[in-house]
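This is the structure I have questions about; it appears just below.
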There are 2 protein chains.
Amino acid sequence: MRLLPQPAVDDIQLTEVLHALSDPARLDVVTQLAAEFELTCSGVGESIGLHKSTMSHHYRVLRDSGVVSTRQEGRQKFMTLRKADLDQRFPGLLDAVLDAVVGATR
Amino acid sequence: MRLLPQPAVDDIQLTEVLHALSDPARLDVVTQLAAEFELTCSGVGESIGLHKSTMSHHYRVLRDSGVVSTRQEGRQKFMTLRKADLDQRFPGLLDAVLDAVVGATR
DNA sequence: CGTATAGTTGGATTGTTGTCAAACCTTCAA
DNA sequence: TTGAAGGTTTGACAACAATCCAACTATACG
């Protein structure tokens, strides 16, 4: 069970996080993770309808920017939101974005 | 004194706002506007050190995404943050981003 | 070992973005 | 009416980003 490389909390950059969240597909992933706690890549990607390699690219952007954490177990990879880390680094930001996702469609 | 075209509150899109805020130059503009309330284009651009046409491009992105409002008065254009509109549409988002800008350098 | 599963990587393509420079438009003032 | 001030627009260009497809890696299961 190994963890894929990811930035330390203090190395998470605001502009990179905002950029990571500014893509609809990635925002969708993040929203699902916020609701489900943890998902496999295929689990989270199914409802989005993009090619799996495209999704793999989005996962990398999310991981490199510090938004998600990925843990490999067997042949699957489980993603989780780095909620505690993001809350520590940028208090209120993630919640505001998640609220905005649901709130804006009301 | 005319107002340049800008999206209505309900037409402001989360992904566009996040994208607008994900560029360092634009984030800098927004931070200055949060502190100064209102500034001319040249006033806000001076400290950034980019070409004025580049800044003009960034102003447009900020305006089109609904982050700032621009009012023309004489030959100057005054920009303001659409704070109330953003707070209404995405509660807490702008404040979290502004906090993050200062907080992350502490 | 052979095969299926779960993802990643590389290449190709198409489109977007950030930047500058030069030309332009508008307004104000002499 | 000429000129200057304050921005915008257009064109060019390089860098980046999103997407797909095909080939690949690694793990698990018969």
Side-chain angles (χ1 to χ4, degrees), chain A residues 1-6 13-30 32-33 36 38-80, chain B residues 1-6 13-30 32-33 36 38-80:
Chain A
M1 188 195 76
R2 70 196 173 83
L3 196 66
L4 268 60
Q6 63 180 32
Q13 298 300 313
L14 177 61
T15 51
E16 288 183 31
V17 170
L18 293 175
H19 172 250
L21 297 176
S22 72
D23 179 274
R26 291 193 292 260
L27 198 53
D28 195 329
V29 171
V30 168
Q32 289 187 49
L33 286 174
E36 301 291 332
E38 153 169 290
L39 285 169
T40 64
C41 291
S42 60
V44 82
E46 274 176 7
S47 61
I48 298 184
L50 292 174
H51 198 277
K52 64 175 183 173
S53 63
T54 304
M55 291 310 298
S56 186
H57 157 70
H58 287 312
Y59 301 145
R60 167 177 275 276
V61 173
L62 288 170
R63 188 173 354 108
D64 289 351
S65 64
V67 175
V68 307
S69 192
T70 308
R71 170 175 52 87
Q72 180 155 15
E73 203 152 325
R75 56 189 145 173
Q76 328 209 48
K77 294 188 176 171
F78 292 91
M79 277 186 297
T80 53
Chain B
M1 187 198 76
R2 69 193 173 88
L3 196 66
L4 269 59
Q6 63 180 35
Q13 297 300 312
L14 177 61
T15 51
E16 285 182 33
V17 170
L18 293 175
H19 172 249
L21 298 175
S22 72
D23 180 273
R26 291 192 293 259
L27 198 52
D28 194 330
V29 171
V30 169
Q32 288 187 50
L33 287 175
E36 301 292 332
E38 150 168 292
L39 286 169
T40 63
C41 290
S42 60
V44 83
E46 274 175 7
S47 60
I48 298 185
L50 292 174
H51 197 279
K52 65 176 183 170
S53 63
T54 303
M55 292 310 298
S56 186
H57 156 70
H58 287 313
Y59 301 145
R60 167 177 275 277
V61 173
L62 287 170
R63 189 173 352 107
D64 288 353
S65 64
V67 174
V68 307
S69 192
T70 308
R71 171 175 51 87
Q72 180 155 16
E73 202 152 327
R75 54 188 145 173
Q76 329 209 51
K77 294 187 177 174
F78 292 92
M79 277 186 297
T80 53

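So you know, we letter chains A, B, ... as the sequences are listed, proteins then strands, and number each from 1. Computed from a predicted structure; not experimentally measured.
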Subject >> Below 4.0 Å: OP1/OP2 of D:dG7 and any side-chain N or O of B:S42 >> reply: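 Indeed, a polar side-chain atom of B:S42 lies that close.
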Subject >> Side chain B:S56, main chain B:S53, donor-acceptor under 3.5 Å >> reply: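 Not confirmed, B:S56 side chain does not pair with B:S53 backbone.
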**OP:** Please tell me which of the listed nucleotides, D:dA18, C:dG7, D:dT8, lies nearest to the side chain of A:H19?
**Re:**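 Per side-chain heavy atoms of A:H19, the pick is D:dA18.
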Original post:
Nearest 0.5 Å, what's the CD-CZ distance between A:Q72 and A:F78?
Top reply: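 A:Q72 CD to A:F78 CZ: 10.5 Å, rounded to 0.5 Å.
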Subject >> Phosphate contact (C:dT19 OP1 or OP2) by B:H58 side-chain N/O below 4.0 Å >> reply: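 Indeed, a polar side-chain atom of B:H58 lies that close.
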**OP:** Calculate the interatomic distance between B:I48 atom CD1 and C:dG18 atom C1'; express it in whole Å.
**Re:**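 For the pair B:I48 CD1 and C:dG18 C1', the rounded distance is 13 Å.
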**OP:** Give one of base, sugar-phosphate or nothing for A:K77, where a contact means two heavy atoms less than 4.0 Å apart.
**Re:**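 If one applies the 4.0 Å heavy-atom cut-off, A:K77 turns out to touch the sugar-phosphate alone, with no base involved.
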Subject >> A:M79 side chain reached by A:L39 side chain, heavy atoms, under 4.5 Å >> reply: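 No - every pair of side-chain heavy atoms lies 4.5 Å or more apart.
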Subject >> Whole-Å distance separating the CG atom of B:L50 from the P atom of C:dG18 >> reply: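 Atom-to-atom, B:L50 to C:dG18, this comes out as 11 Å.
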Original post:
Hey, is the side chain of B:R75 poking within less than 4.0 Å of OP1 or OP2 on D:dA4, counting only N and O atoms?
Top reply: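 No, no such contact exists.
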Original post:
Heavy atoms, side chains only, cut-off 4.5 Å: are A:Q32 and A:I48 in contact?
Top reply: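 Result yes, sub-4.5 Å side-chain heavy-atom pair found.
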Original post:
Can a side chain N or O of B:T54 be found less than 4.0 Å away from OP1 or OP2 on C:dT19?
Top reply: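 Answer is no, no contact under 4.0 Å.
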Subject >> Closest-nucleotide 5' rank along DNA chain D - winner of B:L4 and A:G74 >> reply: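 Upstream on the strand: B:L4.
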Original post:
If you find the nucleotide of DNA chain C closest to A:G43 and the one closest to B:G49, which residue's nucleotide is nearer the 5' end?
Top reply: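 The answer here is A:G43.
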Original post:
From D:dT8, D:dG7, C:dT8, pick the nucleotide closest to the side chain of A:R63?
Top reply: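 Looking only at heavy atoms from C-beta outward on A:R63, the closest nucleotide is C:dT8.
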**OP:** Rounded off to whole Å, could you give me the NZ-to-C1' distance for the B:K52 and C:dA22 pair?
**Re:**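 In whole Å, C:dA22 C1' lies 10 Å from B:K52 NZ.
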Original post:
Base, sugar-phosphate, or nothing: which does B:H57 touch, judged by heavy atoms less than 4.0 Å apart?
Top reply: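 Base contact - B:H57 has a heavy atom under 4.0 Å of at least one base atom.
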Original post:
For the pair made of CD in B:Q76 and P in C:dA29, what is the distance, rounded to whole Å?
Top reply: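 Result: 11 Å.
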Subject >> Interatomic distance, A:Y59 OH vs C:dT9 P [rounded to whole Å] >> reply: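 So the two atoms are 14 Å apart, to the nearest Å.
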Subject >> A:D64 CG - C:dT8 C1' separation (whole Å) >> reply: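 It is 13 Å, rounded to the nearest whole Å.
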Original post:
Which atoms form the tightest heavy-atom contact between B:V17 and B:S65, and what is the distance?
Top reply: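 Taking B:V17 first and B:S65 second, the nearest heavy atoms are CG2-O, 3.6 Å.
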**OP:** To the nearest Å, give me how far apart NE2 (A:H51) and P (D:dA22) are.
**Re:**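 It is 8 Å, rounded to the nearest whole Å.
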Subject >> Per A:D23 side chain, nearest of listed nucleotides D:dA18, D:dT8, D:dG7 >> reply: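 For A:D23, the side-chain atoms sit closest to D:dA18.
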Subject >> Atom pair distance, as rounded to whole Å: CG in A:L62 and P in C:dT8 >> reply: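 Taking atom P of C:dT8 as the reference, CG of A:L62 is at 12 Å.
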**OP:** Please determine if a side-chain N or O atom of B:R60 lies less than 4.0 Å away from the OP1 or OP2 oxygen of D:dG7.
**Re:**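 No, outside the criterion.
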